[in-house]
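Before any comments, here is the structure.
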Amino acid sequence: MTPPTSRTRSQRGTTPVIRVRGRSQRRFSIAALCCCKPGERSRLVYRPRQHTDHKSGGRKSFAWTEYRDLLIAAHQQLDAPIVLIWDNLNVHKDRRMRAFIDAQDWLTASHLPSYAPDLNPVEGIWSVLRRTTQANTAFTDPSHLIRRLRHGLRQIQYRSDIIDGCLTGTGLTPTTPRLQRQ
């Protein structure tokens, strides 16, 4: 991953430089769900995955079974029915995934229009992640990258206001106000 850059400081007249050793051929994927349940704080459920065999013809992305497992985990964490709104990734429209969704009474799925990242709250999460914990970092090895990704995503998980901001940025808002602590 080429390190994302953000504002930084340097001596006047000197351009800051981030040295990167070389491009890695390793591949990582992250699947995430922004979840809101009326009366509770918003949540982020995610799964990172390192693809070890992508050079030898293996998968370069999540399989439908991994998305299925993520949805099951989200359902168990939320303990509520899920209304899933997701983009038009080919795996999301896979016939086996559709069969799984149709077989679950707790799961309803709708697809966003094509080429509409501004309607997807997870895109806002990726933007926040790139501008905060990933910015101006040259990763030394794959484990360094995955540690920073997990750290950044955990920070976002603890800040439901960030998740709410990503949901609000899409025009989606929770319909019920949060419970207030007493």
Side-chain angles (χ1 to χ4, degrees), residues 1-8 18 20 24 26-51 60-63 66-89 91-92 106-107 109-112 115-181:
M1 176 178 191
T2 304
T5 55
S6 66
R7 290 186 182 195
T8 187
I18 299 174
V20 180
S24 170
R26 294 177 185 92
R27 187 156 175 112
F28 295 94
S29 295
I30 303 172
L33 299 171
C34 289
C35 307
C36 63
K37 184 176 177 181
E40 294 187 12
R41 68 179 181 83
S42 298
R43 297 185 191 187
L44 178 69
V45 180
Y46 68 92
R47 296 289 183 274
R49 183 173 187 279
Q50 180 176 358
H51 305 280
K60 297 178 184 174
S61 63
F62 277 87
E66 292 164 316
Y67 284 107
R68 177 199 62 200
D69 296 343
L70 176 64
L71 291 171
I72 291 169
H75 175 61
Q76 290 172 347
Q77 282 183 13
L78 296 171
D79 193 31
I82 294 176
V83 177
L84 181 65
I85 303 170
W86 59 10
D87 56 17
N88 289 298
L89 187 66
V91 178
H92 296 167
W106 51 266
L107 185 57
S110 297
H111 290 277
L112 292 170
Y115 306 107
D118 52 323
L119 299 176
N120 190 346
V122 175
E123 296 296 335
I125 298 294
W126 301 146
S127 176
V128 169
L129 188 64
R130 287 183 65 86
R131 286 182 285 124
T132 56
T133 59
Q134 305 298 302
N136 295 339
T137 305
F139 303 104
T140 57
D141 57 11
S143 63
H144 181 213
L145 170 62
I146 206 74
R147 276 193 319 270
R148 295 290 293 190
L149 284 170
R150 286 180 188 266
H151 175 74
L153 288 167
R154 259 193 313 269
Q155 283 183 323
I156 293 171
Q157 278 182 320
Y158 294 130
R159 300 275 315 274
S160 62
D161 58 318
I162 293 174
I163 301 168
D164 289 341
C166 292
L167 287 166
T168 303
T170 64
L172 300 172
T173 54
T175 56
T176 307
R178 287 196 203 147
L179 296 175
Q180 298 296 322
R181 290 190 180 165

Quick one: does [X]'s side chain have a donor or acceptor within less than 3.5 Å of a partner on [Y]'s backbone?
{"X": "Q76", "Y": "A73", "result": "no"}
{"X": "S127", "Y": "E123", "result": "no"}
{"X": "R43", "Y": "C36", "result": "no"}
{"X": "N88", "Y": "L112", "result": "yes"}
{"X": "R148", "Y": "H144", "result": "no"}
{"X": "Q157", "Y": "L44", "result": "yes"}

Non-hydrogen atoms of A31 and F62 that approach each other most closely: N-CE1, 3.5 Å
Drop me the distance from [X]'s [atom1] to [Y]'s [atom2], to the nearest 0.5 angstrom.
{"X": "R154", "Y": "H151", "atom1": "CZ", "atom2": "NE2", "result": "7.5 Å"}
{"X": "L167", "Y": "I162", "atom1": "CG", "atom2": "CD1", "result": "12.0 Å"}
{"X": "L145", "Y": "Q134", "atom1": "CG", "atom2": "CD", "result": "6.0 Å"}
{"X": "I30", "Y": "I125", "atom1": "CD1", "atom2": "CD1", "result": "11.5 Å"}
{"X": "D161", "Y": "S42", "atom1": "CG", "atom2": "OG", "result": "9.5 Å"}
{"X": "I163", "Y": "C34", "atom1": "CD1", "atom2": "SG", "result": "6.0 Å"}

Mutual orientation of the aromatic rings belonging to H92 and Y67 [parallel < 30°, tilted 30-60°, perpendicular > 60°]: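 Answer is perpendicular, since the angle exceeds 60°.
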Whether H75 and W106 hold their rings parallel, tilted or perpendicular, with breakpoints at 30° and 60°: parallel
Evaluate the side-chain proximity of [Y] to [X]: yes if any heavy-atom separation is below 4.5 Å, no if none is.
{"X": "L33", "Y": "L71", "result": "yes"}
{"X": "L78", "Y": "C35", "result": "yes"}
{"X": "Q77", "Y": "V45", "result": "yes"}
{"X": "F28", "Y": "I146", "result": "yes"}

E66/R47 under salt bridge (charged side-chain N to carboxylate O under 4.0 Å, His left out): CA gap, chis, key distance, verdict: CA-CA 9 Å; E66 292 164 316; R47 296 289 183 274; over 6 Å; no
Check against side chain to side chain contact (heavy atoms under 4.5 Å, CB included), W86 and N120: CA-CA 7 Å; W86 59 10; N120 190 346; over 6 Å; no
